[in-house]
Protein chains: 2
Amino acid sequence: MNITLKQLRAFIAVSRTGSFTLAAESLFITQSALSGLIKELEQALGLRLFDRSTRRIQLSEVGRNIYPLIDKILDDLDGVLDEVSKLKALRKGLVRIAAPQLMASTLLPEVIAAYGVAHPEIEIRLVDCAVESVVSRVFSGEVDFGVGPERDSNSEITATTLFELPFVAVFPPGHALAGQHEVSWADLAEHPLITLQGQFTERLAVDLGSAPRSRALEPHTSVAFMSTALSMVNAGLGVTICITYAASLVRLYRLEMRPLVDPQVTRRFYVFTRNNRSLSPAAQSFRDFLFRYVAEHAGFGE
Amino acid sequence: MNITLKQLRAFIAVSRTGSFTLAAESLFITQSALSGLIKELEQALGLRLFDRSTRRIQLSEVGRNIYPLIDKILDDLDGVLDEVSKLKALRKGLVRIAAPQLMASTLLPEVIAAYGVAHPEIEIRLVDCAVESVVSRVFSGEVDFGVGPERDSNSEITATTLFELPFVAVFPPGHALAGQHEVSWADLAEHPLITLQGQFTERLAVDLGSAPRSRALEPHTSVAFMSTALSMVNAGLGVTICITYAASLVRLYRLEMRPLVDPQVTRRFYVFTRNNRSLSPAAQSFRDFLFRYVAEHAGFGE
DNA sequence: GATATTCATCTGAAAATCCGATAAATCGAT
DNA sequence: ATCGATTTATCGGATTTTCAGATGAATATC
C-alpha cells in the first residue's frame with residue numbers, strides 16, 4: 001500500500017478541523033471514507049497519527065511533528081498547480097505594447113522576433129504612437145504596458161528604467177565630421193542640424209543648459225519623424241542627433257554615428273505600467289523578456 | 001480527476017529516463033499503465049508535459065519548468081517518510097520525564113545511561129521537580145510521562161506501578177545501630193531522626209498508624225532534600241530513613257542501611273501517563289525499558 | 001523496404017474506493 | 001444511573017479505477 005495525496009489531504013483536514021465529520025465535509029467525502037483514509041495512512045506509516053476517542057481528536061506526538069511538513073508539501077503542490085495554470089495561460093496570449101514610432105521600428109521588432117522563437121503562441125501587438133500618448137494609452141488600458149522616454153510622472157503609472165543611452169551625431173559617410181572619433185556639441189554647431197519636433201529636442205535643450213554650446217540646437221530644419229530626418233541626412237541636407245538604440249535604423253540608411261560629448265548627455269527610457277493592475281502572464285513574460293534582452297545586449301545597437 | 005502521487009512519480013521517472021519503457025521498469029509497472037498515468041496527468045493539467053514521437057521523448061516548455069518543483073515535492077515527501085521511519089525505528093527522538101529530585105539523582109540517571117547504550121540517538125530529558133508537581137507536569141503535556149510515589153488519582157492520568165520498596169534506616173558507620181541486621185521503628189525512636197518535609201513523612205505516619213511506634217517519626221530535624229539529610233547523617237547529627245532505591249546515593253555518602261521492620265512498610269512508585277494520549281515511539285520505548293530495567297534489577301540498590 | 005524499437009490503445013480481470021447503514025463508544029442532561 | 005445525541009469504526013455491496021498483456025501505429029536504422 002502506497003501513500004496517496006488523498007490520505008495526506010485527509011490528514012491535514014482532520015488536523016485542522018479536529019473532527020472526522022467536519023473534515024469529511026470539507027473534503028466532500030463521507031465520514032467513513034475519511035476514516036478509512038486515515039486508517040490507511042496510519043497503517044502505511046506504522047503508527048498512530050491521532051489519539052482519538054469517539055469524542056475527542058488530538059494529534060499524536062509524531063503527528064504534531066509531521067503536520068507542518070505535510071502541510072508545506074501540499075502547499076507547494078498547490079503552488080505548482082498555480083504555476084502550471086499560469087504557464088498554460090502563457091501559452092496563448094496577447095500582449096499589447098505602446099511605443100514611440102522610432103522605438104517601434106528599431107528595438108522592439110528585434111525583441112519581439114527573439115521572443116517569438118520561444119513563445120510562438122503569444123501574439124505581440126505593437127502600437128506605434130506619438131511619444132506623448134504612450135503613457136495615456138497605458139492609462140486607458142488600451143495597451144498592457146508602454147515603452148518610452150521620461151514623461152510627467154503620474155501616481156497611476158509606474159515607470160521602471162529600461163535603459164539609459166547616450167546621444168550620437170549622425171551624418172553621411174565622407175562628411176566633414178567623419179574624421180573624428182567623438183563629436184562635441186560645439187562641433188555640431190558648425191553644421192546644419194535637423195532635429196525632431198516636440199519634447200525630444202526641448203528636453204535636450206534643458207539638459208544642455210544655457211551654455212553657449214546649446215546654440216548647437218538651433219535647428220536648421222525640424223521634422224516629425226526620425227526616418228524623415230535620416231532621409232534628409234542621407235541626402236546631404238545636414239546632420240542629426242539620435243540615441244544609440246536607433247542604431248539599426250541608422251545603419252539601414254548607411255549613415256555614420258559618433259558619440260556626442262562635452263558634455264555626454266544620456267536619455268533614459270522607461271517601461272510604463274499601470275498601478276493596481278496586474279499584467280497578464282503573457283504580458284508579464286514579455287516584459288521580463290524585454291528587460292533581460294536589454295540587459296544582455298547592453299549597449300545594443302552600437 | 002485529481003492528481004495523484006503516482007502520476008507525479010511517473011512524470012519524474014519519464015523525465016529522468018527519457019523513455020516510457022525504462023521509466024515503467026523503474027517504477028515496476030507496465031509501460032501501458034505508465035502511458036496512462038502520464039496521459040491522465042497531462043489531462044488534469046490541461047497541457048502536454050512531453051513532446052513525444054514514438055522515437056524521442058522530450059520535456060515540454062512547461063514540463064521543464066515544473067520538473068524541479070515536482071522533484072522537490074517528492075523529495076520532501078520522501079524526507080518526511082524517512083523522518084517518520086526514523087522516529088519509529090528510534091533512530092531519533094526526545095523523551096521528557098518528570099521525576100522527584102531524589103529519583104532524578106539515583107534511579108533515573110542509571111536507567112538513562114543504560115538506555116543510551118542501545119539508543120544513542122534518543123535524547124532523554126529529565127525534569128527534576130517537587131514530588132507534588134510530577135503529575136501536573138504530565139497533565140500539562142510538559143513531559144511524556146512522570147515517575148513518582150502514589151498521589152491523588154486523576155481520571156486523566158493513568159498510574160502504573162513501577163516498583164514497591166521498603167524503608168530502610170540510614171546511619172553512619174560505627175553507629176549504635178550498626179550491629180543489628182534489622183532495625184525496628186522502636187529502635188529508631190532512640191535516636192535523633194532527620195526526616196524529609198512534606199507528604200513523604202506525613203504518609204509514612206499514616207501507614208504506621210497511631211501505634212506507639214509512630215513516635216519514632218517525631219522529627220528531630222526536618223529538611224527539604226534527601227541529600228541534605230544524608231549529609232547531616234554523615235556529620236553524626238542523627239539517623240534518617242529512606243527507600244532502597246536511593247541506595248546508590250547512600251553508598252556515595254558511605255553510610256549504612258538496615259531494613260526497617262516491625263512493621264515493614266513499603267512505598268509504591270508509579271509511572272504516570274496521560275490518558276487519551278499515545279506516547280511517542282521513543283517515549284514508549286524508554287518506558288518499556290524502564291519497567292524491564294526495574295524488573296531485572298529487582299531490589300536494585302540493595 | 002525490412003526490422004526493431006517505442007509509444008498509444010484496447011480489453012478483461014483484479015483491486016481499490018466509495019457509500020450507506022449500522023455498531024460501538026462517549027459525553028452531557030435529565 | 002439512564003437516556004439521548006454525537007462521533008468514530010466497521011461491514012457489505014456497487015462502482016470506479018487500475019493494471020497487465022496483446023495489438024496497433026509510427027519512426028529511426030540498416
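No hydrogens, no waters, no symmetry mates; every other heavy atom, side chains included, goes into these values. Order of the sequence lines fixes the chain letters, A, B, ..., with proteins taken first and strands second; residue numbering starts at 1 for each chain.
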Apply ring pair (Phe, Tyr, Trp, His ring centres under 6.0 Å) to A:Phe11 and list each qualifying residue two or more places apart in sequence or on a separate chain.
A:Phe50

Spacing of B:Leu34 atom CG relative to D:dT18 atom C1', expressed in whole Å:
13 Å

Can you check the A:Glu40 CD to D:dT10 P distance for me, whole Å?
13 Å

Winner on side-chain proximity to B:Phe20, out of D:dT8, D:dA20, C:dA8, is C:dA8

Separation of atom CD in B:Gln43 from atom C1' in D:dT17, rounded to whole Å
14 Å

Where do B:Ala104 and B:Asp128 come nearest, in terms of heavy atoms and distance?
CB-CB, 3.5 Å

So that I can tick it off, tell me whether B:Arg96 and A:Glu61 are bridged by a salt bridge, with the cut-off set at under 4.0 angstrom between side-chain N and carboxylate O.
yes

Looking only at N and O atoms, is any donor in the side chain of A:Ser32 or the base of C:dG20 less than 3.5 Å from an acceptor on the other one?
yes

Checking contacts here: which listed nucleotide (C:dC19, D:dT10, D:dC19) is nearest the side-chain heavy atoms of A:Lys39?
D:dT10

When rounded to whole Å, the CD1 to C1' distance for the pair A:Ile3 and C:dA16 reads 17 Å

Determine whether any donor atom in the side chain of B:Ser35 lies under 3.5 Å from an acceptor atom in the base of C:dA8, or the reverse, and answer yes or no.
no

Closest approach to the side chain of A:Ala33, judged atom by atom: which nucleotide of C:dT17, C:dC19, D:dC19 is it?
C:dC19

To the nearest angstrom, the CZ-P distance between B:Phe28 and D:dG21 comes to 15 Å

If the threshold is 4.0 Å, N to carboxylate O, is there a salt bridge linking A:Arg287 and A:Asp144?
no

Heavy-atom side-chain proximity of A:Tyr115 to A:Tyr293 below 4.5 angstrom
no

How many whole angstroms separate atom CG of A:Leu5 from atom C1' of C:dA16?
16 Å

When you get a sec, tell me which of C:dC19, D:dT8, C:dT17 is the closest nucleotide to the side chain of A:Ile57?
D:dT8

Nearest whole Å is fine: how far is D:dT18 C1' from B:Ile38 CD1?
15 Å

Looking only at side-chain N and O atoms, does B:Lys6 come under 4.0 Å of OP1 or OP2 in D:dC19?
yes

Using a strict 4.0 Å threshold on nitrogen-to-oxygen distance, state whether B:Lys92 and B:Glu121 make a salt bridge.
no

What's the closest nucleotide to the side chain of B:Gln31 if the choices are C:dT17, D:dC19, C:dC7?
C:dC7

Pair B:Asp82 + B:Lys86, salt bridge at N-O below 4.0 Å
no

Just how far, in rounded Å, is C1' of D:dA9 from CD1 of A:Ile29?
15 Å

Inter-end axis angle, the helix from C:dG1-D:dC30 to C:dT30-D:dA1, with every axis fitted to five base pairs (rounded, 10 degrees)
30°

